[in-house]
Protein chains: 2
Amino acid sequence: MSAEGCLDTDEERTWDAATLAFRLLDQQVERDVQASSGLPLTYYELLVLLSKADHRSLRMSELAEVTHTRPSRISHAVGKLAEGGFVERVHCESDRRSWFAKLTDKGVETLRTAGAEHVRSMRENMFDLLSPEQRAQLLDISRTLLDRLAPGTQDHATRVLRGL
Amino acid sequence: MSAEGCLDTDEERTWDAATLAFRLLDQQVERDVQASSGLPLTYYELLVLLSKADHRSLRMSELAEVTHTRPSRISHAVGKLAEGGFVERVHCESDRRSWFAKLTDKGVETLRTAGAEHVRSMRENMFDLLSPEQRAQLLDISRTLLDRLAPGTQDHATRVLRGL
DNA sequence: CAGGGATATTTCAGCGAGCAACTATTCAGC
DNA sequence: GCTGAATAGTTGCTCGCTGAAATATCCCTG
């Protein structure tokens with residue numbers, strides 16, 4: 001009647017708990033960041049990436065690649081961010097198909113306060129709850145998963161952000 | 001220039017890795033489940049919950065509570081699932097404000113194949129990659145986070161699914 | 001047992017993300 | 001150089017989720 005699957009009970013519990021925990025974590029941090037900056041978490045993350053890049057700018061395609069999302073999302077998102085004045089589009093001289101998204105001064109300013117709130121929320125909802133061992137374990141587990149889900153990405157991401 | 005935040009580098013790395021890993025994991029499993037059943041992962045999860053409940057049915061409000069999402073989502077989702085014939089709405093006699101969503105035979109059948117694919121994907125993208133220690137660590141970490149993000153939920157969920 | 005506040009659900013409008021189709025530019029080969 | 005394939009981005013449409021307002025029913029108090 002009840003046991004529908006061929007699941008190992010322990011696996012199922014782990015899946016359910018982990019899935020729910022990280023969804024709720026994302027949602028909570030999203031609420032906090034949005035309340036402090038007005039920006040959706042994923043938009044805020046784009047600003048963070050730009051702030052770390054040389055000249056505070058990245059190509060649309062680089063943003064899509066680093067975030068593992070579709071070009072159309074970046075196009076929409078940068079459009080909104082540009083409307084809000086957080087970002088400006090800069091035409092690439094060497095390849096005129098390409099555009100840079102460049103963080104504006106307003107973007108930097110917004111990022112300062114939003115970043116503080118992001119850190120606070122991150123700590124409150126995650127790091128303060130975990131022991132140092134658990135943090136290390138989580139990093140290890142996440143990297144293990146990423147090795148399969150986004151192979152060769154960690155190196156690549158830093159390469160992009162350091163200017164190839 | 002580059003270091004924008006007051007973040008501990010280790011914390012930032014852990015946050016980035018964990019966030020990305022579990023987002024990609026969700027997306028990958030979603031793709032697999034959708035390819036095999038045509039259902040979004042979150043809709044499939046509703047069917048799983050119903051299959052575990054007494055009489056294969058739960059109140060709308062129970063579905064909302066257990067999944068930690070908004071009633072309006074359940075309303076839309078059950079509407080779609082009912083259109084597809086996976087679920088039927090049953091009016092509650094004792095409280096006529098309330099409706100049950102009840103899994104149909106077609107729903108059970110769909111769930112059989114989708115469930116197999118879900119388990120396969122879960123294993124391929126998660127459990128097969130982790131050591132037994134890591135699985136235990138992840139369960140522990142997830143529960144720690146859930147204690148704060150959804151306090152008193154684990155008991156509650158099982159209570160709902162066992163009929164109060 | 002009538003009135004009012006709580007509760008269960010639906011409906012509507014708006015947002016972020018993805019897919020597919022389209023435009024514009026670059027590049028490779030003849 | 002010119003044609004055609006590949007690449008960079010954008011646009012339009014659909015989908016699932018949320019928040020707020022609306023509807024229906026229940027329950028408590030007087």
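Letters A, B, ... are given to chains in the order of the sequence lines, protein chains preceding strands, and every chain is numbered from 1.
- By the ring-ring contact (aromatic ring centres under 6.0 Å, His included) test, B/Phe127 is found to be paired with no residue, residues two or more places apart in sequence or in another chain being considered.
- One atom, CE of B/Met60, and another, C1' of C/dT11, lie 13 Å apart when rounded to the nearest Å.
- Residues from residues 27-47 of chain A lying near DNA chain C, meaning a heavy-atom separation below 4.0 Å, are A/Pro40, A/Thr42, A/Tyr43 in numerical order.
- The side chain to side chain donor-acceptor pair (under 3.5 Å) contacts involving residues 18-27 of chain A comprise A/Arg23-B/Asp26, A/Arg23-B/Glu45, A/Asp26-B/Arg23, where partners must be two or more places apart or lie in separate chains.
- Screening residues 27-39 of chain B for salt bridge (charged side-chain N to carboxylate O under 4.0 Å, His left out) gives B/Asp32-B/Arg120 as the qualifying pairs, with residues at least two apart or on separate chains.
- Under the side chain to side chain contact (heavy atoms under 4.5 Å, CB included) criterion, B/Asp10 pairs with B/Asp8, B/Arg13, sequence neighbours left out.
- Regarding A/Arg59, its CZ atom lies at a distance of 9 Å from the P atom of D/dA8, rounded to whole Å.
- Remark: A/Tyr44 pairs with A/His118 by the ring-ring contact (aromatic ring centres under 6.0 Å, His included) rule, at least two apart or across chains.
- Under the rule for a side-chain hydrogen bond (donor to acceptor under 3.5 Å, both in side chains), the partners of A/Asp95 that lie at least two apart in sequence or sit in another chain are A/Arg97.
- Every pair tested for salt bridge (charged side-chain N to carboxylate O under 4.0 Å, His left out) that includes a residue from residues 69-94 of chain A fails, sequence neighbours excluded, so the list is empty.
- Backbone-only contact: B/Arg89 has heavy atoms under 4.0 Å from sugar-phosphate atoms and none from a base.
- Side chain to side chain, B/Ser98 and B/Arg59 meet the donor-acceptor criterion of an N or O pair below 3.5 Å.
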Tabulated below should be each protein N or O lying under 3.5 Å from an N or O of nucleotides 20-29 of chain C; please produce it.
unit_1 : atom_1 : unit_2  : atom_2 : d
C/dT26 : OP1    : A/Arg96 : N      : 3.0

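- Residues that satisfy the side-chain hydrogen bond (donor to acceptor under 3.5 Å, both in side chains) test with B/Asp105, not counting sequence neighbours, are B/Arg56.
- In this structure, A/Leu63 atom CG and D/dG9 atom C1' are separated by 13 Å, rounded to whole Å.
- In terms of the ring-ring contact (aromatic ring centres under 6.0 Å, His included) criterion, A/Phe100 has no residue partners (sequence neighbours excluded).
- At a non-hydrogen distance threshold of 4.0 Å, B/Arg73, B/His76, B/Lys80 from residues 73-86 of chain B come into contact with DNA chain D.
- Atom C1' of nucleotide C/dT9 and atom CG of B/Leu58 are separated by 16 Å, given to the nearest angstrom.
- The two residues A/Ala17 and B/Leu146 have their closest heavy-atom pair at O-CD1, 3.8 Å.
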